[in-house]
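In what follows, every heavy atom counts, from backbone to side chain, and hydrogens, waters and symmetry copies are set aside. Per chain, numbering begins at 1; letters A, B, ... match sequence-line order. Just so it is clear, the structure is predicted and the values come from calculations on it, not from any experiment.
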Amino acid sequence: MSKNLLIVESPAKAKTIENILGKDFTVVSCKGHIRDLPKEDNAIDVNNNFIPTYIIPDDKKQVVKELTRLAKSASDVWLATDEDREGEAISWHLCEVLGLDEKKTKRIVFHEITKPAILKAVQNPRIINRNVVDAQQARRVVDRLVGFKISPILWRKIARQGVLSAGRVQSVAVRLVVEREREIEQFKVSSYYKITAQFKIKDASGKQVLLKAELPETFSQEKDARQFLEKCIGAVFTIEKIEVKPAKKSPAPPFTTSTLQQDASRKLGFSVAQTMQIAQKLYEAGKITYMRTDSTNLSDTARQAMGKQITEEYGPKYWQERQYKTKSDSAQEAHEAIRPTYFDVRNAGDTTDEKKLYELIWKRAMASQMSDAQLERTIVDIGISTQPEKLQAKGEVIKFDGFLKLYIESALDDEEENEEETILPPLKVGQTLDLKQMLATERFKRPPARYNEASLVRNLEELGIGRPSTYAPIISTIQQRGYVVKENREGELRPFRILTLTGPAESKPNTLTAITDKEKTGVEKAKLFPTDMGRVVNDFLVKHFENIVNYDFTANIEKSFDEIAHGKKQWNKVIGEFYYPFNETVEHTLKTAERETGERMLGEEPQTGKPVVARLGKFGPMIQIGSAEDEDKPRFASVLPPLTLNSITLEQALELFKLPKEIGVYEGKNMKVGVGRFGPYVLHNNKFYSLPKNTDPLLINQEEAIAIIEAKKEAEANKIIQSFENGAIQILNGKFGPYIKAGTQNVKIPKSKDPKTLTLQDCHDLIAETETKQPATGKQAKVPANALQVFENGSIQILDGRYGPYIKANGKNITLPKNADPKTITLEECKQLIAAVSSGGKKTSKKTAKS
DNA sequence: CAGTGAGCGAGCTTCCGCTTGACTT
């Protein structure tokens with residue numbers, strides 16, 4: 001039995017550290033936080049210094065049980081959680097939960113998992129820093145108050161559709177996307193003309209090559225560009241100046257979480273979640289250091305190992321030891337940068353994605369310890385005899401590649417259009433040049449770029465919002481909430497002008513021609529677009545909670561947290577200063593804020609003159625023609641992507657009311673296309689076939705509809721692997737592999753068994769097995785607290801509602817007649833009432849209620 | 001499961017940051 005118990009956060013670290021410390025230590029992990037605020041709304045006592053209640057979440061009970069057992073039998077407990085605010089808090093929670101004496105428990109920290117660092121840490125234990133713990137509690141409490149006070153306001157004031165939420169971090173992320181989209185919408189595209197020239201020239205070996213040059217100035221009008229070209233007819237072009245300047249390029253620092261996500265997105269096309277999953281695998285396999293970090297630090301051991309590796313592989317000239325300083329103010333630097341654990345391992349990972357990501361990490365880390373690349377940049381000025389402007393040719397030669405030896409191929413596929421940096425042929429001052437042609441090409445100013453997942457993370461990090469462990473979850477939250485969608489855009493063709501002047505020695509010399517060409521513009525891949533809901537929620541928050549969704553809110557409150565951590569402020573006072581004014585805003589908003597629907601008047605319907613309005617309805621974006629006060633009922637139509645409330649025109653809106661419509665015949669039966677609750681569909685032979693997302697149902701033709709019907713039929717046929725007892729028991733191909741479907745029950749098939757050869761008996765066995773594993777809990781419907789009577793296992797209930805007693809049955813609510821006593825009404829009477837309503841039709845009951 | 005769009009009802013949701021598995025159809 002070991003005397004020392006050392007607790008870290010991550011299991012993978014525990015293993016490594018146990019190897020380093022040897023037999024005197026048992027090293028285990030607590031797997032992150034072991035306590036949290038309960039889900040209930042009263043987790044923080046706002047009337048009593050904001051004292052939080054903590055609970056051990058269900059999924060942490062097992063961990064706590066095990067840690068308690070180990071702590072009891074240990075003479076010394078060492079808390080080696082990460083050295084940051086959260087880590088300090090985890091240590092404190094461990095003390096509280098395990099019943100440890102804070103004064104006697106040894107708190108140690110290290111920033112890297114290396115032998116010297118850990119041995120040094122063990123020699124320098126301290127006690128828990130309660131100020132830092134308090135700073136974490138303040139952070140936790142602010143986040144809870146902001147999230148749980150504002151989210152319910154959205155439910156009341158905007159919609160119940162989906163689950164809306166707001167928070168210190170996610171709401172700013174949405175705001176960035178919404179505001180960027182508006183910048184793009186408001187961007188006025190303007191064009192200008194760029195002059196480029198090609199000269200014929202001999203290179204060192206006497207071969208004819210082209211020298212490319214351009215005019216640094218641009219023209220905003222075609223006529224000015226034309227004038228410039230015309231003036232160049234018959235001009236003499238002479239090299240007036242050659243300027244050679246040395247230059248250097250330095251490598252980028254090794255990866256942090258956010259730079260890894262950016263680079264993997266650009267170079268490998270990974271989503272941020274994908275990058276993190278793959279990195280996690282590499283980390284668990286011991287191939288890389290911890291992947292959730294904001295630090296660019298490299299341990300001494302690592303730098304030495306890289307120096308050795310670089311020297312051996314490329315020679316000492318290529319090695320330059322560097323220590324990087326982390327840029328971000330908000331960095332807590334509890335870990336190292338992301339790097340390979342062993343630099344002599346060139347390939348690692350089981351899958352191709354793992355291998356690719358490992359290579360990226362390896363190269364970036366290695367390059368960070370390599371020499372600068374030495375370059376020579378040449379700028380050549382070319383005079384024009386007929387006018388004062390000068391053309392410029394630029395060249396670049398790599399004199400010494402340095403780190404580019406490793407990074408050059410990565411630099412090639414960078415997303416930004418690299419200016420062509422070419423080697424220039426030999427040139428000398430005074431030399432005249434033969435013009436091949438000169439072009440004036442129309443170019444367009446570009447609107448700000450839309451965010452992709454990784455660039456949004458980069459922006460959040462710059463604002464100090466979110467942490468490495470939350471970047472990927474933030475991105476998925478704002479998509480899950482329906483505020484933001486990740487989409488591709490095909491782009492469209494845009495005409496542009498090219499004026500061409502041919503040189504004096506060409507086939508049609510000194511001729512100026514003008515053509516209109518076309519180019520693709522607006523192509524987007526995996527970019528983030530705000531939804532209508534995202535815009536409405538954002539505008540609501542900006543209107544009522546500007547100080548919370550302000551880009552500086554986090555930065556400012558972080559300053560207060562730092563003061564708490566340094567013992568300069570009391571955490572509950574900081575919370576109080578924030579909470580009282582905030583809560584007033586909350587109350588005021590609840591009382592006074594209008595419902596927000598993003599309503600936009602599109603115009604009038606030509607035939608009737610009725611108003612056509614785009615707004616957010618109960619079930620999402622919609623168009624309404626006519627108002628509720630009208631004689632005849634208003635008509636409605638859903639607005640589906642790619643159409644949005646924000647951009648839809650009156651014409652597009654009116655089109656939507658042409659659905660449903662007949663579009664042809666298949667197998668002798670009519671096909672109808674329409675939009676239903678679950679999106680656009682084709683209806684054929686009483687069966688619905690969903691159309692793919694983002695298809696415009698108005699544009700679907702007979703052939704496409706047939707293709708969709710046939711594809712669905714085929715998919716259904718492929719889904720069934722085996723079928724028994726007339727389909728009562730089936731073996732199906734599901735999202736998560738083959739499974740057995742028996743009525744409503746789904747049963748897993750163990751990997752050791754082949755689903756194609758399973759017999760009916762095998763199926764019954766497997767079903768019986770899973771049944772014994774989890775005894776049926778009974779399917780009784782939940783009985784609410786306000787129930788007066790319950791019939792038929794809860795499927796029919798008499799409830800006491802805000803507007804009197806009613807029957808709840810099959811998801812329908814039926815108000816009881818005034819003469820009925822809710823406490824003594826019988827099941828039979830209930831059934832009669834239910835039957836009366838469903839046969840009588842809803843609409844008649846409405847009318848009678850009004851009259 | 002398929003054209004809903006005030007007519008209510010109870011009870012549910014929700015935050016951010018640490019960390020892994022368990023689980024889904």
- Taking Watson-Crick and G-U wobble pairs with both distances under 3.5 Å, convert DNA chain B into its dot-bracket string, 5' to 3', dots for unpaired and | for cross-strand pairs. .........................
- Rounded off to whole Å, could you give me the CD-to-P distance for the A:Gln730 and B:dT25 pair? 16 Å
- Message: What's the closest nucleotide to the side chain of A:Lys39 if the choices are B:dT20, B:dT4, B:dT14?
- Response: B:dT14
- Task: Please work out if A:Thr81 contacts a base, only the sugar-phosphate, or nothing of the nucleic acid, heavy-atom cut-off 4.0 Å.
- Result: nothing
- Message: Using only atom types and a distance under 3.5 Å, with no angle test, would you say the side chain of A:Ser560 pairs donor to acceptor with the backbone of A:Val574?
- Response: no
- Item | Rounded distance (Å) that lies between atom C1' of B:dG5 and atom CZ of A:Arg615 | 7 Å
- Item | Test ring pair (Phe, Tyr, Trp, His ring centres under 6.0 Å) applied to A:His111 - qualifying residues, sequence neighbours left out | none
- Item | Closest contact, heavy atoms only, A:Met291 versus A:Met276 | O-CE, 3.6 Å
- Message: Between P on B:dC15 and CG on A:Leu541, what's the gap in Å once rounded to a whole number?
- Response: 13 Å
- According to the 5.5 Å centroid and 30° plane-angle thresholds, does A:Phe636 stack upon the nucleobase of B:dT4? no
Restricting to nitrogen or oxygen on both sides, can you table the protein-nucleotides 16-18 of chain B pairs closer than 3.5 Å?
residue: B:dC16; atom: OP1; partner: A:Val169; partner atom: N; Å: 3.0
residue: B:dC16; atom: OP1; partner: A:Gln170; partner atom: N; Å: 2.9
residue: B:dC16; atom: OP2; partner: A:Gln170; partner atom: NE2; Å: 3.3
residue: B:dC16; atom: O4'; partner: A:Asp143; partner atom: OD2; Å: 3.2
residue: B:dC16; atom: O3'; partner: A:Arg168; partner atom: NH2; Å: 3.0
residue: B:dC16; atom: O2; partner: A:Arg139; partner atom: NH1; Å: 2.8
residue: B:dG17; atom: OP1; partner: A:Arg168; partner atom: NH2; Å: 2.8
residue: B:dG17; atom: OP2; partner: A:Thr470; partner atom: OG1; Å: 3.0
residue: B:dG17; atom: O4'; partner: A:Arg139; partner atom: NH2; Å: 3.2
residue: B:dC18; atom: OP1; partner: A:Arg467; partner atom: NE; Å: 3.3
residue: B:dC18; atom: OP2; partner: A:Ser469; partner atom: OG; Å: 2.7
residue: B:dC18; atom: O3'; partner: A:Glu9; partner atom: OE1; Å: 3.3
residue: B:dC18; atom: O2; partner: A:His33; partner atom: N; Å: 2.5

- Note on the structure: Those residues at least two apart in sequence (or on a different chain) that pass ring pair (Phe, Tyr, Trp, His ring centres under 6.0 Å) with A:Tyr579 are A:Phe50
- Query: Residues two or more places apart in sequence or in another chain: which of them pass salt bridge (Lys or Arg N to Asp or Glu O under 4.0 Å) with A:Glu605?
  - Reply: A:Arg635
- Message: So, OP1 or OP2 of B:dT20: does either fall under 4.0 Å of a side-chain N or O from A:Ser10?
- Response: yes
- Is the shortest side-chain N/O distance from A:Arg481 to OP1 or OP2 of B:dC15 below 4.0 Å? yes
- Note on the structure: Of A:Gln624 and A:Glu284, the one whose nearest nucleotide on DNA chain B sits closer to the 5' end is A:Gln624
- Message: For A:Ile708, give me all partners under side-chain contact (heavy atoms from CB on, under 4.5 Å), at least two apart in sequence or on another chain.
- Response: A:Tyr689, A:Leu691, A:Pro692
